[in-house]
Number of protein chains: 2
Amino acid sequence: MKLTSKGRYAVMALADLARFDNVNPVSLRDISLRQGISLDYLEQIFSKLRKKEIVQSVRGIQGGYVLNKNAKEIKLTNIFDAVDEKVKTVQCKKESKKGCNGKSTKCLTHNLWDELENHINNFFEEKSLYDLVKDNSERRI
Amino acid sequence: MKLTSKGRYAVMALADLARFDNVNPVSLRDISLRQGISLDYLEQIFSKLRKKEIVQSVRGIQGGYVLNKNAKEIKLTNIFDAVDEKVKTVQCKKESKKGCNGKSTKCLTHNLWDELENHINNFFEEKSLYDLVKDNSERRI
DNA sequence: TATAAACCTGACTAAAATAGTCAAGTATAT
DNA sequence: ATATACTTGACTATTTTAGTCAGGTTTATA
């Protein structure tokens, strides 16, 4: 059970962006250098973030990305959703909800996995990008 | 972020065991049939569970496995730990705790991942095998 | 208006993890 | 005796991950 780099990088990059986007757009190159994430990989990630309207792009020299919403309105859920970082506990979801293929003993633990998924997703629902940067605002230059 | 089959199967198999081990040891073959898990794979899993003293084996005809502790004392944490299902959110843990390699901007999100790990692990600490089977005891034959 | 910075896209791939299978045993109740 | 069931270790196909690579397009500014 682990978080993938894609989800982790997305949050790291947006946290970085949230701290530095006050004046100008932030270039991926800067984020790449500060966070130690490959530029090419960042481009993939930001392409998805843009499609989900979490960030906005500014092309050309001095271009980059800016947040498309207030940092308080961007939940971790939204970020993970954008980059396809899903919380999956069990496959049998798509089948009939009760009994999982009719074998009633099979999914003794079905409710457990549901609870676990909810438990984790609640965490992501409660945290916003703002929650991350406010704690680090004293580091701001 | 997903739960692996190994962890999931371990819990499913133990829940099955907890329901049926009142009288006799439960054979892996029975669990395999009821839960739809490959026998060979179950053997790998139970080998680990036995080493961690979560179950006890009984050899020979009519043999099988029994729980080695009261179901209330077996937490999901213990199960996942036994089969190496770990909750991992971030790699930089092993390095220096502050700043992650000295780059102070890098781990803006470090605390977040710690919180997430704790959040998930708390869930596993709170749930015991008994919690699973008590909810399903009315299904018992 | 040339040009370099920076965004944009899709295809490709090496490495790691996963989810098993397979083979060859050993122990013991009946 | 012997069938049942545990025991162990090696092996492997598939999938996922975590990127790289190549080739663009856009636009501020000198």
Side-chain angles (χ1 to χ4, degrees), chain A residues 1-13 17 20-21 24-52 54-66 68 80 83-91, chain B residues 1-13 17 20-21 23-52 54-66 68 80 83-92:
Chain A
M1 174 140 239
K2 67 163 192 262
L3 197 66
T4 66
S5 288
K6 192 167 273 181
R8 199 158 39 83
Y9 287 171
V11 175
M12 286 169 70
L17 190 57
F20 289 98
D21 77 340
N24 298 312
V26 179
S27 72
L28 293 188
R29 188 171 158 281
D30 285 354
I31 295 177
S32 168
L33 291 173
R34 278 195 295 261
Q35 304 298 326
I37 304 168
S38 133
L39 181 60
D40 283 313
Y41 205 23
L42 276 178
E43 278 170 353
Q44 275 187 46
I45 291 168
F46 273 78
S47 168
K48 294 181 181 212
L49 293 174
R50 195 176 62 82
K51 279 171 190 159
K52 289 294 171 71
I54 290 171
V55 295
Q56 226 176 339
S57 67
V58 179
R59 302 192 94 166
I61 284 180
Q62 300 284 43
Y65 287 91
V66 290
N68 200 25
F80 284 145
V83 299
D84 303 311
E85 175 85 48
K86 299 224 177 69
V87 176
K88 277 190 203 168
T89 53
V90 66
Q91 292 94 336
Chain B
M1 172 141 242
K2 67 165 192 256
L3 198 66
T4 66
S5 288
K6 192 167 272 180
R8 200 157 40 83
Y9 286 171
V11 175
M12 286 168 70
L17 190 58
F20 290 96
D21 78 339
V23 189
N24 298 313
V26 179
S27 73
L28 293 189
R29 188 172 157 281
D30 285 353
I31 295 178
S32 168
L33 290 173
R34 279 197 293 262
Q35 304 297 327
I37 304 169
S38 133
L39 181 58
D40 283 312
Y41 206 23
L42 275 178
E43 280 167 351
Q44 275 186 45
I45 292 168
F46 273 78
S47 169
K48 293 179 181 215
L49 293 174
R50 194 177 62 82
K51 279 172 190 159
K52 289 294 172 71
I54 291 170
V55 296
Q56 227 176 339
S57 68
V58 179
R59 303 193 90 163
I61 285 181
Q62 299 284 44
Y65 287 90
V66 289
N68 200 26
F80 284 145
V83 298
D84 303 311
E85 174 85 46
K86 299 222 177 69
V87 177
K88 276 190 206 169
T89 52
V90 67
Q91 292 95 336
C92 57

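Proteins get letters first, then strands, A, B, ... in listed order; numbering begins at 1 in each. Atom set for the values below is all heavy atoms of this structure, side chains included, hydrogens, waters and symmetry mates excluded.
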(request) Mind checking side chain to side chain donor-acceptor pair (under 3.5 Å) for A/Lys6 and listing every partner two or more places apart, or none if nothing turns up? (result) none
(message) Between C1' on D/dT25 and CD1 on A/Ile61, what's the gap in Å once rounded to a whole number?
(response) 14 Å
(message) Once you apply a heavy-atom cut-off of 4.0 Å, does A/Phe46 come out as touching a base, just sugar-phosphate, or nothing?
(response) nothing
(request) Starting at atom CG of A/Asn24, determine the distance to atom P of C/dC7, rounded to an integer number of angstrom. (result) 13 Å
(request) Quantify the bending of the helix from C/dT1-D/dA30 to C/dT30-D/dA1 as the angle between its end axes, each fitted on five pairs, to 10°. (result) 0°
(request) Starting at atom OH of A/Tyr41, determine the distance to atom C1' of C/dA15, rounded to an integer number of angstrom. (result) 13 Å
(request) Take atom CG of A/Leu28 and atom P of C/dC7, then tell me their distance rounded to the nearest Å. (result) 4 Å
(request) Figure out the CZ/C1' separation between B/Arg59 and D/dT7, and round it to whole Å. (result) 6 Å
(request) Could you verify whether a donor N or O on one side chain and an acceptor N or O on the other, from B/Arg29 and B/Ser32, lie under 3.5 Å apart? (result) no
(request) Calculate the interatomic distance between A/Ile45 atom CD1 and D/dT20 atom P; express it in whole Å. (result) 11 Å
(request) Taking side chain to side chain contact (heavy atoms under 4.5 Å, CB included) as the test, write out the residues that go with A/Ser47, two or more places apart. (result) A/Lys51
(message) For A/Phe80, does the six-membered ring have the charged nitrogen or CZ of A/Arg8 within the cation-pi criterion, i.e. under 6.0 angstrom from the centroid and within 45° of the normal?
(response) no
